[in-house]
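Because the structure is a prediction, the values reported are computed rather than measured. Below, chain A is the first sequence line, B the second, and so on; all start at residue 1.
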2 protein chains.
Amino acid sequence: MTIIKAKDILRNYLREKGLRNTRQREVIFDAFFSADKHITVEGLFNFIKRKNPGIGYATVHRNLTLLCQSGLADEIKIGTNKTRYEPKFGREHHDHLICIKCGRFIEVTDGKIERLQDKLAEANEFIPVRHKLEIYGICRDCK
Amino acid sequence: MTIIKAKDILRNYLREKGLRNTRQREVIFDAFFSADKHITVEGLFNFIKRKNPGIGYATVHRNLTLLCQSGLADEIKIGTNKTRYEPKFGREHHDHLICIKCGRFIEVTDGKIERLQDKLAEANEFIPVRHKLEIYGICRDCK
DNA sequence: GTTACTGTTGATAACTGTTATCATTATCTG
DNA sequence: CAGATAATGATAACAGTTATCAACAGTAAC
Ligand SMILES: [Mn+2]
Ligand SMILES: [Mn+2]
Ligand SMILES: [Zn+2]
Ligand SMILES: [Zn+2]
């Protein structure tokens, strides 16, 4: 199972960094991979609090940051809103269509666009490292 | 001159909205169009303060918002940093290459990418309204 | 299991950028 | 000029994020 492999990756990361595998980390990890994608710190915090009322907001935040550092999660910053996080393990790069009515995120990939982006960068003597493409509009359900 | 036309647009906008043409608005307007592009509220505030020490931060902020509403400026939100503003009058849509070393913004347009974005949206039964493409990397001068 | 070391937690304060509040001032219209 | 009211500037409030710190807990050595 991919989630078990992901847990191994986290455990290895903790070991090689001299970090500890706490009860809270396990809880946050499991919750993150079972909750909705593109979740906020607040969202995950509330999700966890239902079964773990003692959890601290800062702990959730810190461990989402840790998951990003270990390569298991990605930060998504849309506009000026709260930072969102999505599982990354075993998933390819993708971009997002974002519905301005319901807030839904649709994940998309387009190899042609990716290649043209690289050409565009090259034409400007620019070495691309990462990119962000967000298309805002109205989703099928909101038309 | 394009900046004079822009001033007319602002004056018309103020008139039709029942707003007033204050001394500060003139100062902020002139400063905005003569300062660097992609400037922050703080940047413009400091720029103006040199010759107009009495100017208020909130006034600069409010008037940048007003310029956006009148169609003369655009907001740019990059990552989690401060909002930036750029003059819009007489300029086409463009995207940005952003140097992660020096922070430089390179303005780019690519019609092919734009069209593929529309196709991508259509393929997802999504009506695109606006989009944001940011490519982060190393600029020529920072290689 | 006990101990010692030190990373982690949870509560909360501090911080940052943005926006609201409000008394005072300035603009505009008649 | 006078009256109505929009705008300003100082500052408070706000939201999201991050730092602080005393109490706690994971880990490894004994
Ligand atoms: Mn996604
Ligand atoms: Mn630009
Ligand atoms: Zn929708
Ligand atoms: Zn550079």
Query raised in the report: Among C:dT19, C:dG10, D:dA7, which is the nearest nucleotide to the side chain of B:Arg25?
Result: D:dA7

Query raised in the report: What's the closest nucleotide to the B:Ala58 side chain, out of D:dT17, C:dT9, C:dA20?
Result: C:dA20

Report task. Would you list the pairs meeting salt bridge (Lys or Arg N to Asp or Glu O under 4.0 Å) in which at least one residue belongs to residues 43-65 of chain A, sequence neighbours left out? Result -> none

Euclidean distance, atom [atom1] of residue [X] to atom [atom2] of [N] [Å, nearest integer]:
{"X": "A:Glu26", "N": "D:dG26", "atom1": "CD", "atom2": "C1'", "value": "12 Å"}
{"X": "B:Tyr57", "N": "C:dG17", "atom1": "OH", "atom2": "P", "value": "7 Å"}
{"X": "A:His61", "N": "D:dA19", "atom1": "NE2", "atom2": "C1'", "value": "11 Å"}
{"X": "B:Lys77", "N": "C:dT19", "atom1": "NZ", "atom2": "C1'", "value": "11 Å"}
{"X": "B:Leu14", "N": "D:dT5", "atom1": "CG", "atom2": "C1'", "value": "15 Å"}
{"X": "A:Asn52", "N": "C:dT9", "atom1": "CG", "atom2": "C1'", "value": "13 Å"}
{"X": "B:Asn81", "N": "D:dT18", "atom1": "CG", "atom2": "C1'", "value": "15 Å"}
{"X": "B:Gln69", "N": "D:dA7", "atom1": "CD", "atom2": "P", "value": "11 Å"}

Report summary line: CZ of B:Arg11 to OG of B:Ser70, rounded to nearest 0.5 Å, is 13.0 Å

Query raised in the report: So how far is it from A:Leu44 CG to A:Tyr85 OH, rounded to the nearest 0.5 Å?
Result: 10.0 Å

Query raised in the report: Do you see a donor-acceptor pair shorter than 3.5 Å between the side chains of A:Glu26 and A:Asn21?
Result: yes

Report task. Ignoring backbone atoms, establish whether A:Thr83 has a side-chain N or O less than 4.0 Å from OP1 or OP2 of D:dG16. Result ->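 No, no such contact exists.
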
Query - Phosphate OP1/OP2 of C:dT9: any A:Asn63 side-chain N/O under 4.0 Å - result: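 Yes, such a contact exists.
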
Query raised in the report: By salt bridge (Lys or Arg N to Asp or Glu O under 4.0 Å), which residues pair with A:Lys77, not counting sequence neighbours?
Result: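 A:Lys77: salt bridge (Lys or Arg N to Asp or Glu O under 4.0 Å) contacts with A:Glu75.
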
Report task. Quick one: closest heavy-atom pair of A:Leu14 and A:Arg20, and the distance? Result -> CD1-O, 3.9 Å

Requested in this report: Kindly work out whether a path of hydrophobic side-chain contacts (I/L/V/M/F/W/Y, heavy atoms less than 4.5 Å apart) joins A:Leu10 to A:Val60.
Outcome: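 Yes; tracing contacts between hydrophobic side chains, which count when under 4.5 Å, links both residues.
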
Query raised in the report: For nucleotides 22-30 of chain C, read 5' to 3', which letter fits each nucleotide if B means a protein heavy atom sits under 4.0 Å from the base, S means only the sugar-phosphate is that close, and - means neither?
Result: ----BBS--

Validation: residues 31-39 of chain A side-chain donor-acceptor distances under 3.5 Å, sequence neighbours left out:
{"unit_1": "A:Ser34", "atom_1": "OG", "unit_2": "A:Asp30", "atom_2": "O", "d": "3.1"}
{"unit_1": "A:Ser34", "atom_1": "OG", "unit_2": "A:Ala31", "atom_2": "O", "d": "3.3"}
{"unit_1": "A:Lys37", "atom_1": "NZ", "unit_2": "A:Glu107", "atom_2": "OE1", "d": "3.1"}
{"unit_1": "A:His38", "atom_1": "NE2", "unit_2": "A:Glu86", "atom_2": "OE1", "d": "2.8"}
{"unit_1": "A:His38", "atom_1": "NE2", "unit_2": "A:His96", "atom_2": "NE2", "d": "3.3"}
{"unit_1": "A:His38", "atom_1": "NE2", "unit_2": "A:Glu107", "atom_2": "OE2", "d": "2.9"}

**Report entry** Nucleic acid contacts of residues 32-39 of chain B, taken as heavy-atom distances under 4.0 Å to DNA chain D
**Finding:**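 Going residue by residue through residues 32-39 of chain B, none turns out to have a heavy atom under 4.0 Å of DNA chain D.
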
Query - B:Val41 vs A:Thr59, nearer the 5' end of DNA chain C by closest nucleotide - result: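 Here A:Thr59 is the residue nearer the 5' end.
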
Query raised in the report: Listed by chain and number, what are the side-chain contact (heavy atoms from CB on, under 4.5 Å) partners of B:Asp110, not counting sequence neighbours?
Result: A:Leu120, B:Lys112, B:Ile113

Report task. Nearest-nucleotide wise, let me know which of B:Ile55 and B:Gly18 is further upstream toward the 5' end of DNA chain D. Result -> B:Gly18

